[in-house]
Number of protein chains: 2
Amino acid sequence: MTITQLSYVLAVAENQNFTKAAQKCFVTQPTLSMQIQKLEDQLDILIFDRTKKPIELTDVGRKIVTQARNIVNESYRIQDIVDQQKGFIGGEFKLGIIPTVMPTLLPMFLRNFIKKHPKVKLKIEELTTEEIMLRIKDGHLDAAIAATPLEDENIKERVLYFEPFVNYIPKNHRLHGAKKIDVADLEVDDMLLLEDGHCFREGVINLCKTFKNQTEETFQLESGSIETLIRLSNEGLGMTLLPYLHTLEINDKEKENLHYFNEPIPAREVSLIYHKSELKMQIIEALQDVISGVVRGAIAFQNVKIISPLPK
Amino acid sequence: MTITQLSYVLAVAENQNFTKAAQKCFVTQPTLSMQIQKLEDQLDILIFDRTKKPIELTDVGRKIVTQARNIVNESYRIQDIVDQQKGFIGGEFKLGIIPTVMPTLLPMFLRNFIKKHPKVKLKIEELTTEEIMLRIKDGHLDAAIAATPLEDENIKERVLYFEPFVNYIPKNHRLHGAKKIDVADLEVDDMLLLEDGHCFREGVINLCKTFKNQTEETFQLESGSIETLIRLSNEGLGMTLLPYLHTLEINDKEKENLHYFNEPIPAREVSLIYHKSELKMQIIEALQDVISGVVRGAIAFQNVKIISPLPK
DNA sequence: AACATCTATCAATAAAAATTATGAAAAAAA
DNA sequence: TTTTTTTCATAATTTTTATTGATAGATGTT
């Protein structure tokens, strides 16, 4: 039994296909077939049920895959120990970012980070919180930036910053006249929201519910991006809430529609999250340093009240 | 990096010697030298400091060995999963037994066990509780039989039986006339004990202390085996306590010196203990079944009061 | 029926591991 | 000190193992 064989098994289990798995392993398909057969022969069991299309794991196979993932992941940690010893910060690093953070935060720190740590090959992907949590647990992501707290025992969190919510209220809206807005003024029925699956949406709904006991039944419109939200709002379809960093990007005319909250200002907590095993911790800490440094200049609010974005 | 290389590293780390390690791995010494060098080259670090005699681990080396042990142990669990699936009970199994249990319990169950599970290659070693705990943690023992509770978070326990203490009181002793003895009658100063390191000694001392607030200062004599204890006692050097199973083995004349306790009868708890990772659990359960079955016939006390043998 | 997709098999070859034989350095013994 | 022994490294060679390209067979699709 070798680590290579185990990783071949993992690849086939994940792809449910020898040919695709072989590509991901950068070997030919017969290599996988033969090595996996060899392992099956040695253990004298079948890991895959090849009669099923697509291929399926047997009962033992499922248990073996779980253990194999364990072993393969633990084997990565050997290199990690060496890197840590050398103070080496480099190698491939897969980072997930939620959609409502991606467009504003990424440009702020990416250039800085690459400059400071040129040996790290960052692979960044925009994913929902749900996908992020799955992929951190199965090892396909090394870390992610998401709204917290998540309260998942397998995932650790390091708070990066608190991002205040800002009201975006078009000219024709009943609240446009008000200089500063109170949380109690918000009405869900009146608010443009992101579509389901965005945790920012959850945060806003929670905010409204907290202060008005509103149900989440009747939303007027839902959109997939905050950009669209602003456009829709401009068309007079309702007000919306923006995460603070987004308000730095909009044009001067639209800035006139921004209305800040009275203190305490509601905000979301944005954190760097990673698996509890703390693999590649040097890079995670490097990321935290760079991002915290950059954000400290951009967000300088005090008396910020935090609401939980995933209040299930 | 391969599991084989990692196990070579473990062998050298444990033996502090390439030649001996090679023998344990059933390969020649150059094989180890080359494979370990190859691993060191790939990681671009030194695992061993070869200038020191005997050879020593480097700082990184120590961390790598810890992780390597992890990986190698986890790799054994693959075979374990397969065995479990097949209901196969076999392979090498290393069992430790404390000295005061070994001579009485082993003959009771060994023949039975071998008959019932002929494919298991039992390797049994007599060890103190302290050694047992170390070796269970480092994987050199699969399980052990010891007095419990141990209260170690890495070690799980399954109680096999409660073994009452029996007084062995020679003719000339002040208590010889008494038919039944009370725990309160015991005097540490008056009692022959096993030498330091035997947990049975701890148990007895604890028993005396519990009822008389005696200090453990002045013991008259100490011995390494219970056999010797009986001989010394016969010579009129004091009374002693025997674990019940030992009393079944002594000759008729000596049996006259046995005096049972009044209820509640003090006893020690004897358990099958094993690492929390539950490797080779099928064999552990098979052992438990056989031993419990055998002992149930031999010990049939009720109203047994338990004292902790390791009261630190 | 023809085609496409997928895995297994085979022989050839490349790569890696293990072995035997040997050498050099350090420790132990004379 | 000199000799002997121990111990690890190196080199050349053999053995074993992994990988590949080509292809066959099986299954499902159009």
Side-chain angles (χ1 to χ4, degrees), chain A residues 1-62 64-65 68 71-72 75 78-79, chain B residues 1-62 64-65 68 71-72 75 78-79:
Chain A
M1 183 176 63
T2 68
I3 296 173
T4 311
Q5 284 171 347
L6 295 179
S7 60
Y8 289 168
V9 169
L10 290 184
V12 174
E14 276 175 24
N15 294 283
Q16 296 197 307
N17 178 311
F18 276 70
T19 315
K20 281 181 200 158
Q23 286 166 355
K24 300 231 170 147
C25 295
F26 305 106
V27 291
T28 58
Q29 169 264 315
T31 304
L32 285 208
S33 282
M34 294 178 101
Q35 286 305 313
I36 290 178
Q37 268 182 57
K38 196 177 154 191
L39 181 61
E40 287 178 324
D41 286 352
Q42 278 174 1
L43 297 176
D44 193 34
I45 44 102
L46 283 180
I47 297 173
F48 296 102
D49 179 350
R50 295 162 173 81
T51 66
K52 301 273 178 57
K53 308 280 165 175
I55 226 161
E56 265 179 34
L57 283 165
T58 60
D59 287 346
V60 223
R62 235 181 308 282
I64 288 178
V65 162
I71 295 169
V72 172
S75 78
I78 297 272
Q79 183 63 54
Chain B
M1 183 175 64
T2 67
I3 296 174
T4 311
Q5 283 172 346
L6 295 178
S7 60
Y8 289 169
V9 169
L10 289 184
V12 173
E14 276 175 24
N15 294 284
Q16 295 196 308
N17 179 312
F18 276 70
T19 315
K20 282 179 202 160
Q23 286 166 353
K24 301 228 171 154
C25 295
F26 305 106
V27 290
T28 59
Q29 169 266 314
T31 302
L32 284 207
S33 282
M34 293 176 92
Q35 285 306 315
I36 290 178
Q37 269 182 57
K38 196 177 153 192
L39 181 61
E40 287 178 324
D41 286 352
Q42 278 173 0
L43 297 175
D44 194 34
I45 43 103
L46 282 179
I47 296 172
F48 295 102
D49 180 351
R50 296 164 173 80
T51 66
K52 301 273 178 55
K53 307 282 167 177
I55 224 163
E56 266 180 33
L57 282 165
T58 60
D59 287 346
V60 224
R62 235 180 308 281
I64 287 178
V65 163
I71 294 169
V72 172
S75 78
I78 297 271
Q79 183 62 55

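Just so you know, these numbers come straight off a predicted model, no measurement behind them. Note on naming: letters A, B, ... go to the chains in the order of the sequence lines (proteins, then strands), and numbering restarts at 1 for each one.
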Sequence-distant partners of B/Thr2, side-chain hydrogen bond (donor to acceptor under 3.5 Å, both in side chains), two or more places apart: none
For B/Lys53, salt bridge (Lys or Arg N to Asp or Glu O under 4.0 Å) partners two or more places apart: none
Atom pair distance, as rounded to whole Å: CG in A/Leu39 and C1' in D/dA18: 14 Å
Residues forming a side-chain hydrogen bond (donor to acceptor under 3.5 Å, both in side chains) with B/Asp49, sequence neighbours excluded: B/Thr51, B/Lys52
For atom CG of A/Asp41 and atom P of C/dA8, their distance in whole Å: 11 Å
Least distance between heavy atoms, A/Ile45 atom then A/Ile64 atom: CD1-CD1, 3.6 Å
Any A/Arg50 side-chain nitrogen or oxygen under 4.0 Å from OP1 or OP2 of C/dA8: yes
Distance in angstrom units between A/Gln37 CD and D/dT17 C1', rounded: 15 Å
Interatomic distance where CD1 belongs to A/Ile3 and P belongs to D/dA18 [whole Å]: 13 Å
Sugar-phosphate, base or nothing in reach of A/Tyr8, heavy atoms under 4.0 Å: sugar-phosphate
With sequence neighbours excluded, residues passing side-chain contact (heavy atoms from CB on, under 4.5 Å) with B/Glu14: B/Arg69, B/His140
Given DNA chain D, 5'-ward residue of the pair B/Ile55 and A/Lys38, judged by closest heavy atom: B/Ile55
Residue list, side-chain hydrogen bond (donor to acceptor under 3.5 Å, both in side chains) with A/Thr31, at least two apart or on another chain: A/Thr28
side-chain hydrogen bond (donor to acceptor under 3.5 Å, both in side chains) partners for A/Ser33, two or more places apart: A/Gln29
Results of side-chain contact (heavy atoms from CB on, under 4.5 Å) for B/Arg50 - residues two or more places apart only: B/Phe18, B/Ile36, B/Gln37, B/Glu40, B/Leu46, B/Phe48, B/Ile55
Between P of D/dT10 and CG of B/Leu32, the distance in whole Å: 15 Å
Summary of protein contacts for nucleotides 20-30 of chain C, nucleotide by nucleotide, where a base hit scores B, a sugar-phosphate-only hit scores S (4.0 Å, heavy atoms): BB-----S---
Under 3.5 Å, which protein N or O atoms sit close to an N or O of nucleotides 13-16 of chain D? Give each pair with its distance.
none

Rounded interatomic separation in angstrom, taking CD from B/Gln35 and P from D/dA9: 13 Å
Test salt bridge (Lys or Arg N to Asp or Glu O under 4.0 Å) applied to B/Asp44 - qualifying residues, sequence neighbours left out: A/Lys86
Whole angstrom value for the distance that separates C1' of C/dA8 from CD of A/Glu40: 12 Å
Residues which pass side-chain contact (heavy atoms from CB on, under 4.5 Å) with B/Ala21, listed by chain and number, not counting sequence neighbours: B/Ala11, B/Val12, B/Asn15, B/Leu32
Close residues, residues 11-26 of chain A, relative to DNA chain D [heavy-atom separation under 4.0 Å]: none
